[in-house]
Amino acid sequence: DTEVTQTPKHLVMGMTNKKSLKCEQHMGHRAMYWYKQKAKKPPELMFVYSYEKLSINESVPSRFSPECPNSSLLNLHLHALQPEDSALYLCASSLYPGGGGGTGELFFGEGSRLTVL
Amino acid sequence: AQSVTQLDSQVPVFEEAPVELRCNYSSSVSVYLFWYVQYPNQGLQLLLKYLSGSTLVESINGFEAEFNKSQTSFHLRKPSVHISDTAEYFCAVSDLQTGANNLFFGTGTRLTVIP
């Protein structure tokens with residue numbers, strides 16, 4: 001199994017809603033990532049979890065709240081978002097985090113396309 | 001710190017013609033280099049990677065890239081493109097110290113194959 005699965009594929013929410021994006025991998029990878037991608041732009045790193053602990057938060061606003069319940073799952077909780085948060089949210093995993101032999105090879109999911117009204 | 005430059009934002013090319021997508025990087029340490037492809041409305045897929053060893057790396061669908069340390073380049077080439085190669089291509093670099101935690105993406109090149 002070499003897949004990263006993201007749900008939902010599409011999400012429309014209002015600015016007062018609370019929703020969550022989910023990500024799952026069963027490759028035994030020990031690092032998981034959330035990226036945000038705006039149209040015609042490269043992905044931007046948001047969060048990194050290493051061995052189920054948050055290791056990097058790229059100054060992301062608190063209306064985005066990540067959670068790693070176990071080594072296979074990664075959630076992104078959304079609350080009080082703004083229209084400019086509309087984007088494709090990509091989950092990725094890698095065998096190891098940075099250092100420790102990690103090479104930077106990431107396995108991406110197909111993304112969750114978020115629209116904030 | 002690393003950086004990646006993809007000078008060509010868009011590359012139109014006729015079907016069955018050759019193509020080269022350019023990527024230059026800067027880094028003060030040894031690097032790993034990647035090409036990722038993103039088809040419309042999809043996530044990113046690893047196309048090929050250079051970690052060490054042979055400087056010429058190939059993908060299963062006919063793309064190849066050559067690591068040139070002296071020119072700090074990792075250009076992507078294909079001798080004959082197909083309609084299905086239409087996609088966004090991202091060059092990316094990481095280093096031996098920070099690995100996947102610090103994967104720097106270029107701004108992407110939109111390859112459009114014209115029938």
Side-chain angles (χ1 to χ4, degrees), chain A residues 2-7 9-10 21 23 25 27 29-51 53-58 87-115, chain B residues 1-6 8-11 21 23 25 27 29-53 57 59-60 67 74 87-112:
Chain A
T2 57
E3 284 189 350
V4 176
T5 304
Q6 289 188 243
T7 56
K9 292 194 184 309
H10 300 275
L21 306 180
C23 176
Q25 58 88 14
M27 295 179 280
H29 288 180
R30 304 317 305 270
M32 296 185 76
Y33 309 77
W34 280 115
Y35 281 84
K36 174 183 178 179
Q37 187 180 27
K38 302 284 275 184
K40 302 186 188 303
K41 299 289 186 184
E44 298 174 11
L45 183 63
M46 299 174 72
F47 303 103
V48 180
Y49 272 82
S50 300
Y51 298 97
K53 289 186 173 19
L54 183 64
S55 61
I56 293 179
N57 176 340
E58 291 286 354
L88 182 68
Y89 288 84
L90 294 164
C91 175
S93 68
S94 64
L95 183 58
Y96 298 113
T103 65
E105 180 176 356
L106 296 178
F107 292 75
F108 283 88
E110 292 200 350
S112 293
R113 188 163 298 281
L114 174 66
T115 302
Chain B
Q2 294 80 30
S3 67
V4 180
T5 302
Q6 292 181 250
D8 306 306
S9 60
Q10 297 185 60
V11 173
L21 306 183
C23 173
Y25 70 93
S27 175
V29 298
S30 296
V31 297
Y32 301 121
L33 293 159
F34 306 85
W35 277 100
Y36 284 87
V37 59
Q38 187 173 31
Y39 299 103
N41 300 312
Q42 294 190 24
L44 277 71
Q45 302 173 29
L46 180 66
L47 186 61
L48 43 75
K49 62 187 177 186
Y50 170 77
L51 304 180
S52 65
V57 290
S59 72
I60 58 173
F67 170 53
F74 191 55
E88 191 83 23
Y89 291 80
F90 293 99
C91 182
V93 61
S94 66
D95 67 62
L96 274 68
Q97 293 177 331
T98 56
N101 282 355
N102 232 354
L103 187 64
F104 289 86
F105 285 95
T107 51
T109 298
R110 174 75 179 173
L111 173 64
T112 301

Original post:
Quick one: does A:Leu106's side chain get under 4.5 Å of B:Tyr36's, heavy atoms only?
Top reply: yes
Subject >> Contact origin within B:Gln45 toward chain A - heavy atom pairs under 4.5 Å >> reply: neither
Subject >> Gap separating the CG atom of B:Asn41 from the CD atom of A:Glu110, nearest 0.5 angstrom >> reply: 10.0 Å
Subject >> Region of A:Leu95 in contact with chain B, defined by heavy-atom distances below 4.5 Å >> reply: neither
Subject >> Closest non-hydrogen atom pair between A:Pro42 and B:Phe90, with its separation >> reply: CA-CE2, 3.5 Å
Subject >> Top contributor to chain B interface from A:Lys9, A:Lys41, A:Gln37, A:Arg113 [non-hydrogen pairs under 4.5 Å] >> reply: A:Gln37
Original post:
Do you know which two heavy atoms are closest between A:Phe108 and B:Leu44, and how far apart they sit?
Top reply: CB-O, 3.2 Å
Original post:
Which pair of non-hydrogen atoms, one from B:Leu46 and one from A:Glu105, has the smallest distance, and what is that distance?
Top reply: CD2-OE2, 3.1 Å
